[in-house]
Amino acid sequence: MRKYGFPLKEHLKSKSIVDRVYANGVSVTAYPLRAVFLELQPHEQEAVATILISVAKKRFRHAVDRNLVKRRIREAYRTSKHPFIEALENKDKKMAVAILYIDTRHNSTAFIRKKMIKLLESIISKAGL
């Protein structure tokens, strides 16, 4: 049985890795989501994939709105991450991913989930997994 959790070890928290992801990472887009990802060395992190979710204050002025969008993105990732994780495990790779929300309006959870699946598939194909 699959575990659909999003434990803390899968959260990207290291400032040095975040800076490297934004400086040297590769970008893919599945509107309204954009991902910047970077392959890491096996010793750099514990989890196969670590994720950072970001919603710009410029797009949503109120924290309530930003938090709602982040919750929806986390839920979409949590329920559709297994093919992505399995592809990384098969190639014995580790990856850091920053997911950005680039729209200025709210979208439904189902729509964001569809786009998340598309985004993760494009990360797999662009990374050569």
Side-chain angles (χ1 to χ4, degrees):
M1 187 171 146
R2 289 183 172 169
K3 288 192 172 190
Y4 289 101
F6 187 42
L8 278 177
K9 71 176 186 174
E10 291 182 5
H11 292 232
L12 179 55
K13 296 177 280 197
S14 169
K15 181 165 175 27
S16 63
I17 294 177
V18 171
D19 291 341
R20 283 186 23 224
V21 167
Y22 283 121
N24 306 323
V26 180
S27 175
V28 293
T29 303
Y31 194 81
L33 300 174
R34 178 175 168 250
V36 181
F37 65 92
L38 181 69
E39 283 188 32
L40 299 175
Q41 299 299 320
H43 66 277
E44 288 186 273
Q45 67 184 13
E46 184 180 329
V48 175
T50 54
I51 307 296
L52 169 82
I53 297 171
S54 176
V55 179
K57 190 174 186 178
K58 182 178 180 180
R59 308 223 186 259
F60 292 99
R61 282 309 217 202
H62 302 286
V64 173
D65 296 326
R66 289 192 303 275
N67 291 338
L68 173 67
V69 173
K70 285 193 279 188
R71 259 196 318 273
R72 288 179 178 173
I73 294 170
R74 271 195 306 270
E75 177 69 10
Y77 174 75
R78 186 183 69 78
T79 57
S80 57
K81 70 178 179 177
H82 292 289
F84 176 63
I85 299 294
E86 288 171 3
L88 286 172
E89 286 174 343
N90 290 341
K91 295 288 186 169
D92 203 26
K93 305 253 182 185
K94 295 199 175 192
M95 191 173 286
V97 182
I99 299 174
L100 311 162
Y101 190 79
I102 56 176
D103 200 356
T104 57
R105 55 181 203 241
H106 293 284
N107 287 301
S108 69
T109 305
F111 179 76
I112 292 176
R113 183 175 292 132
K114 248 189 338 187
K115 294 300 183 168
M116 179 63 71
I117 291 169
K118 186 176 178 182
L119 184 74
L120 293 175
E121 288 171 352
S122 60
I123 290 173
I124 290 170
S125 65
K126 197 149 190 179
L129 305 173

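Numbers for residues simply follow the sequence, beginning at 1. On a predicted model such as this, the values are computed, not experimentally measured, just so you know.
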Next on the checklist: Assess the residue pair S27 and R34 against the criterion (side chain to side chain donor-acceptor pair (under 3.5 Å)); give the C-alpha distance rounded to whole Å, side-chain angles, the decisive distance to 0.1 Å, and a yes or no.
Outcome noted: CA-CA 7 Å; S27 175; R34 178 175 168 250; 3.1 Å; yes
Item to check | Approximate separation, where rounding is to 0.5 Å, of H62 NE2 and K57 NZ | outcome: 11.0 Å
Next on the checklist: Under the rule for ring-ring contact (aromatic ring centres under 6.0 Å, His included), what residues qualify as partners of Y4, not counting sequence neighbours?
Outcome noted: H82
Item to check | CD1-NZ distance between I85 and K3, expressed to the nearest 0.5 angstrom | outcome: 14.0 Å
Item to check | Intermediate values then yes/no, side-chain contact (heavy atoms from CB on, under 4.5 Å), F6 and H11 | outcome: CA-CA 8 Å; F6 187 42; H11 292 232; 3.4 Å; yes
Next on the checklist: Give me the atom names and distance for the closest heavy-atom approach of F84 to M95.
Outcome noted: CZ-SD, 3.9 Å
Next on the checklist: In this structure, would L52 and I17 fall into the same cluster of hydrophobic residues linked by side-chain contacts under 4.5 Å?
Outcome noted: yes
Checklist entry - Which heavy atom in D103 sits nearest to a heavy atom in P32, and how many Å separate them? => result CB-CB, 3.5 Å
Item to check | CG/D92: more than 12 non-hydrogen atoms of other groups inside 6.0 Å | outcome: no
Checklist entry - Atom CZ of F60 and atom CG of L68: how far apart are they, to the nearest 0.5 Å? => result 8.5 Å
Checklist entry - Of the non-hydrogen atoms in I53 and R74, which two are nearest, and what is the gap between them? => result CD1-CG, 3.2 Å
Next on the checklist: Hydrophobic cluster membership, with links at side-chain heavy-atom distances under 4.5 Å among I/L/V/M/F/W/Y: are I51 and L88 in one?
Outcome noted: yes
Checklist entry - Would you say the side chain of Y77 lies within less than 4.5 Å of the side chain of L33, judging by non-hydrogen atoms? => result no
Item to check | Over 12 non-hydrogen atoms of neighbours within 6.0 angstrom of NZ in K114 | outcome: no
Item to check | E44/R20 ion pair, N-O < 4.0 Å | outcome: yes
Item to check | Linked, directly or transitively: V48 and F37 (ILVMFWY side chains, under 4.5 Å) | outcome: yes
Checklist entry - Looking at side-chain heavy atoms only, is the closest gap between I73 and I112 below 4.5 Å? => result yes
Checklist entry - Do the side chains of I102 and F111 join up, straight or via other hydrophobic residues, at under 4.5 Å, putting them in one cluster? => result no
Item to check | Polar side-chain atom of Q45 near backbone of A47 as donor-acceptor pair, under 3.5 Å | outcome: yes
Next on the checklist: Is there a side-chain contact between V69 and R72 in this structure, where contact means two heavy atoms from C-beta onward sitting under 4.5 Å apart?
Outcome noted: no
Item to check | Verify same cluster id: V97, L120 (apolar side-chain graph, 4.5 Å) | outcome: yes
Checklist entry - How far does CG of L119 sit from CD1 of I124, to the nearest 0.5 angstrom? => result 10.0 Å
Item to check | Minimal non-hydrogen separation, R61 against R66, with atom names | outcome: O-NH1, 3.0 Å
Item to check | Reported CD1-to-OG distance for the pair I117 and S122, which is rounded to 0.5 angstrom | outcome: 12.0 Å
Checklist entry - So how far is it from N107 CG to Y31 OH, rounded to the nearest 0.5 Å? => result 8.0 Å
Checklist entry - Quick one: does R59's side chain get under 4.5 Å of Y101's, heavy atoms only? => result no
Next on the checklist: For K118, is there an ion pair with E121 - N to carboxylate O distance below 4.0 angstrom?
Outcome noted: no
Checklist entry - Which atom pair, heavy atoms only, marks the closest approach of V21 to A96? => result CG2-CB, 3.7 Å
Checklist entry - If we only count heavy atoms from C-beta on, is the M116 to T79 side-chain gap below 4.5 Å? => result no
Checklist outcome for this item: In terms of heavy-atom contacts, K70 and V55 come closest through CG-CG2, 3.5 Å
Item to check | N/O donor-acceptor pair under 3.5 Å between K81 side chain and G5 backbone | outcome: yes
